[in-house]
Q: 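Okay, here's the structure, questions in a sec.
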Amino acid sequence: MQKASARCGAHNVLSMIKEYNFNEIERRWQNAWREGGVYRTEEVEGARHCYVLDMFPYPSGAGLHVGHPLGYIASDIYARYKRLRGYNVLHPMGYDAYGLPAEQYAIQTGQHPAVTTERNVARYREQLDKLGFSFDWDREVRTCDPGYYKWTQWTFIQLFKSYYDNTAGKALPIAALEARFAERGTEGLDAACTEVLTFTADEWKGWNEGKRQEVLMNYRLAYLADIAVNWCSELGTVLANDEVVGGLSVRGGYPVERKLMRQWSLRITAYAERLVKDLEHLDWTDSLKEIQRNWIGRSEGAAVWFPLADGGDVPDFEIFTTRPDTIFGVTFMVLCPEHEMIGKITTAEHRAEVEEYVAWAKNRSERERQAEVKRVSGVFTGAYALNPLTDEKVPIWVSDYVLAGYGTGAIMAVPAHDSRDFAFARRFGLPIRQVVSLEKDAVSDPATWTESMDAKTGYAVNSGFVTGMKVKDAMKAVIDRIEEKGIGRRTVNYRLRDAIFSRQRYWGEPFPIYYKGETADATRLTPYPIPEECLPLELPEVTDFKPTASGEPPLGHAKRWAWDEANRAVVATECIDYKTVFPLELSTMPGFAGSSGYYLRYMDPRNNEEYFSQKAVQYWQQVDLYVGGAEHGTGHLIYARFWNKFLYDLGLAAKDEPFRKLINQGMIQGRSNFVYRSKQDSNLYISKGLVKDMAEVTPIHVDINIVENDVLDLELFKEWRPEFKDARFELEDGKYVCGWEIEKMSKSMYNVQNPDDLVERYGADTLRLYEMFLGPVEQAKPWDTGGIEGVHRFLKKFWKLYQGDETVSGSEAPDDASLKVLHQTIKKVTDDIERFSFNTSVSTFMICCNELTSLKCRSTEVLKPLLVLLAPFAPHMAEELWHELGEEGSVCQAQWPECNERYLVEDTVNYPVQFNGKMRFTLALPAAATQEEALAAVMAAPESGKWMGGKEPRKVIFVPKKIINIVC
RNA sequence: GCGGACAUGGCGUAAUCGGUAGCCGCGUCAGACUUAGGAUCUGGUUCCGAAAGGAGUGGGGGUUCGAGUCCCCCUGUCCGCACCA
């Protein structure tokens, strides 16, 4: 490539034209920017400010592929644009450095995760630097850095020391709750909790420290509890709900099972209401807001207590329903297999069967359960409940279609109006009773139905006092009656679960928690946070990254992992005596811990006294633009909002929401190439056009680097892998044509496009421009190297525009035509950046360049402002040309040019005509028609009298060639 | 099953307010300069048609003087959730 252009240069008549040597230019300016500290940011009082943030990457061993920088380029363009507009811009970058892959790699190779992480970070940095980003690297954070995770641990302690008061609508100190208990017990308390407790102040005062701690744990925002978790035995750890998809772990794709374990959790459900409500005001895409709404899954309904028929001392069942209006259609009840009442109510006759079913259901993996949703299973307990409104006796069944984690794990079944209850009733021959119909009184025999009527429309029928009411009214009436009778209440349920916060892994933040108690019995110990002044609690060294022989997490291997309470220090594990030296928590925090507040830390990253200073947070406020993938919609983007809201409640964060505007960049997919191996002759490869029947060949992924325009390089193919050494080919037109498919970009499909190669070949400016040119940032699109030539050609042409021969260089006065091009470009590019339409800006530059070239524009008055426009997109070239024009300072610190409206006159001609009316109409006219001719044509048209009602046109919009529009 | 987004030339796409559909680029065709071209430059390129002309934004209907854009129905693609009572 370079050789070719060098030869071309020698042939050129204008031999003083400098070559566009992008590699040299880019290297030089990247160094100059770094040395000059051009992108360093400080809080400047009074200046307008803007915080532009990318989701920080996990530095994986594979390095960056062309998909990663897409968002970084977009945000960099925006950040640079805002700077040129005079804003003080915070545009930092860092690394989400804790995580599973480094640890898995450590288990396999014995290589310490800190070492591989350091190596990967260095590689990422090198790749990022080559792309010319304007990050302020002085503010870099890494989640695995003790100076950083000190504050992750600190926030955890604050969560531990807080509870959520629903009356106040915010988090409050747990000390206030203790004081309240001592004064009034639980009277009048409305707080987020695991289990609703009722006790008096005297009871509270009578309890010992252990019991009190147990009670407080029920309210803490970070709490320890026995909960059903997603256990992944392959990874040896539990996972959060968003880390499990379809019963498999997101990382690695290993099976996940439900298991009851004692784990730390964050009471994120306390914030469910705020998390849903506050979405409304965010400048995010509707689809992402919808994803979060679905994930939080708010549903309004009623909790109703169903007593057991002849129940004795067995307490009532609490069920949750969104359809209280259908309570007259209840024909049975269903409990989840995990329900604690099953043992107490099952009759002797059914006991064996029920126990067998429960055991079977519990042993099924999540995956099996999800895969067999359609298969209905369940058993009868022999017990009956009473419908609290009708006193009707209904049988109680157990089935795994009722989930333990949602509501109370018990439902009232209304088979006529719920498809799952319907299927269950059909399977076990239970009665189905219609209580809703589309028309008043239009009842039919449910035995003839093929499906239930689930819609919340129509009228109540066969429903006692609500019969004849509309469904919506019936719902309200039934809830009112239920509350009146004291058999239930209005309530809201969320699909969102508390976030499980423990991971049985090594490479994560240690919990700043130790366990105190008289004995070594883990279940009797009480967790205490280590004093805040002692943070960070540093991750101890281990040599073995696997779980211990006794099944403890890897930290169980640590030689120094005990807390000396008196000396406030970490000491050797063998010193544990349960008097002054206690064991530390062995789990570590999950990946989302470190990423939940990093955007706040960037504001004040080197502060060792606080998470971030109030001065910094009051200055930057919140992230103005956040760019990253939509795949974080149910993970990071929920946790970060929760984290931020909590810090806001503490009076630390300046805003209730962390990310004002969010852009989701689309994934760049790979374009894979295939060769077709004959099934008869395993050494014969058939060109795509000659394959008659796909069943006779095996498609094999082939490295895209040995394919050009879908034509395979036969020699490189033979050298590629030993098994292809003696390959034979069936060629078409002397070429081997490969098949192709759009797939995820991944190593295993040999379709990864490395940005380094492209930077080497075309330069960073070309790559930046091309990634933007591919299409809208938000859209997923396949990588296609073909078009990059066009963008590169544009840059070469643009370069040439500034390389005029010396006789005219930079001195000519601007002509109107060139100024018009310039100002139209200013207008278009400014508007495009403001609405994040970077692909159209690139097109605009191309048009501008073509027009100025044909106008032979040499005026600095035009060429200089144009460089400022180009600077966000192709900063290296803009900088180089800026200096060639003899300008001082960096183009990155110049002023964005203002558009002069005078040059924006449209080709369309407006002819205002006096007339008062509203009607507009269209008429075809010859291109050269004048105003008079246009009006004459309008008046002459046969319908004109009808159109205008005898009046004259007000405004004629004349469009050349074809059409005029006339406003009357 | 529920929810969301999208559908425009051979390809990626553009059309910002309901007002000339197809900008810009790729590819391709023709030409120029060349010993040569995977360099550079010029011109053409939605489809049908020799042309005049006609058709045309997944399909069908509607609103409107006017629809790629708004409304309804259908089809297809992508994404999210998925026994959430």
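Side chains included, hydrogens not; waters and symmetry mates left out as well; all remaining heavy atoms used. Chain A is the first sequence line, chain B the second, and so forth, proteins listed ahead of strands; every chain is numbered from 1.
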Q: For B/U16 versus B/C81, give the span between their P atoms, rounded off to a whole number of Å.
A: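 Those two atoms are separated by 33 Å.
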Q: Reckon A/Ser419 touches a base, only the sugar-phosphate, or nothing at all at heavy-atom distances under 4.0 Å?
A: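 The residue A/Ser419 makes no contact with any strand.
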Q: Between the side chain of A/Gln665 and the main-chain N/O of A/Gly629, is any donor-acceptor distance below 3.5 Å?
A: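 Indeed, once roles are kept as given, a pair shorter than 3.5 Å links the two residues.
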Q: Using a strict cut-off of less than 4.0 Å between a Lys/Arg side-chain nitrogen and an Asp/Glu carboxylate oxygen, indicate whether A/Glu273 and A/Arg298 qualify as a salt bridge.
A: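 So A/Glu273 pairs with A/Arg298 through a salt bridge.
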Q: Which residue, A/Trp295 or A/Phe320, contacts RNA chain B at a nucleotide closer to its 5' end, judged by nearest heavy atom?
A: A/Trp295
Q: Looking only at side-chain N and O atoms, does A/Gln292 offer a donor or acceptor that is under 3.5 Å from a partner on A/Arg641?
A: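 Looking only at side-chain atoms, A/Gln292 and A/Arg641 do form a donor-acceptor pair, the distance falling under 3.5 Å.
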Q: Where do N or O atoms of nucleotides 10-12 of chain B meet protein N or O atoms at under 3.5 Å, pair by pair?
A:
{"unit_1": "B/G12", "atom_1": "O2'", "unit_2": "A/Leu774", "atom_2": "O", "d": "2.7"}

Q: Is A/Glu789 salt-bridged to A/Lys796, going by a charged N under 4.0 Å from an acidic O?
A: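 No, this pair does not count.
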Q: Which whole-number value in Å describes the distance from A/Glu318 CD to B/A85 C1'?
A: 14 Å
Q: Taking only Watson-Crick and G-U wobble pairs with both distances under 3.5 Å, what dot-bracket line describes RNA chain B, where [ ] shows pairs that cross earlier ones and | shows pairs with another strand?
A: (((((((..(((......[....)))((((((.......))))))(((....)))..(((((..]....))))))))))))....
Q: Considering heavy-atom distances to RNA chain B, does A/Ile847 or A/Arg497 have its closest nucleotide positioned more toward the 5' end?
A: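 Checking each residue's closest nucleotide, the 5'-ward one belongs to A/Ile847.
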Q: Using side-chain heavy atoms (C-beta onward) and a distance below 4.5 Å, is A/Thr322 in contact with A/Met475?
A: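 The answer is no, as the side chains (C-beta and beyond) never meet within the 4.5 Å cut-off.
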Q: Side chain of A/Thr322, heavy atoms from C-beta onward: which of B/U16, B/G3, B/A85 has the nearest atom to it?
A: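 Closest nucleotide to the A/Thr322 side chain: B/A85.
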Q: Answer with base, sugar-phosphate or nothing: what part of the nucleic acid does A/Asp421 contact at a heavy-atom distance below 4.0 Å?
A: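 If one applies the 4.0 Å heavy-atom cut-off, A/Asp421 turns out to touch nothing in the nucleic acid.
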Q: Looking at A/Phe838, A/Phe873, A/Trp783, which one forms a ring pair (Phe, Tyr, Trp, His ring centres under 6.0 Å) with A/Tyr770?
A: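 Of A/Phe838, A/Phe873, A/Trp783, ring pair (Phe, Tyr, Trp, His ring centres under 6.0 Å) with A/Tyr770 is met by A/Trp783 alone.
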Q: I want to verify a distance call: between B/U40, B/A85, B/U16, whose nearest atom is closest to the A/Ser299 side chain?
A: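 So the nucleotide nearest the side chain must be B/A85.
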Q: Cut-off 3.5 Å, side chains only: do A/His792 and A/Thr766 have a donor facing an acceptor?
A: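 There is such a pair between these side chains.
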Q: Does A/Ser452 offer a backbone N or O that forms a donor-acceptor pair with the side chain of A/His417 under 3.5 Å?
A: no
Q: Is it true that the side chains of A/Ser843 and A/Thr840 contain a donor and an acceptor less than 3.5 Å apart?
A: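 Distance-only check fails for A/Ser843 and A/Thr840.
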Q: For A/Thr634 and A/Asp242, does a side-chain donor sit closer than 3.5 Å to a side-chain acceptor?
A: no
Q: Could you tell me whether A/Val414 contacts a base, only the sugar-phosphate backbone, or nothing, with contacts defined as non-hydrogen atoms closer than 4.0 Å?
A: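 Result for A/Val414 = nothing.
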Q: Base, sugar-phosphate alone, or nothing: which one does A/Arg298 contact when heavy atoms must sit under 4.0 Å apart?
A: nothing
Q: Heavy atoms under 4.0 Å, any strand shown: does A/Lys797 hit a base, just sugar-phosphate, or nothing?
A: sugar-phosphate
Q: Does the distance from a Lys or Arg side-chain N to an Asp or Glu carboxylate O, for A/Asp831 and A/Lys827, drop under 4.0 Å?
A: yes
Q: Where along residues 833-841 of chain A does a heavy atom come under 4.0 Å from RNA chain B, residue by residue in number order?
A: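 Under 4.0 Å from RNA chain B: A/Arg835, A/Asn839, A/Thr840.
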Q: May I ask you to say what A/Ile411 touches in the nucleic acid, namely base, sugar-phosphate or nothing, with a heavy-atom cut-off under 4.0 Å?
A: base
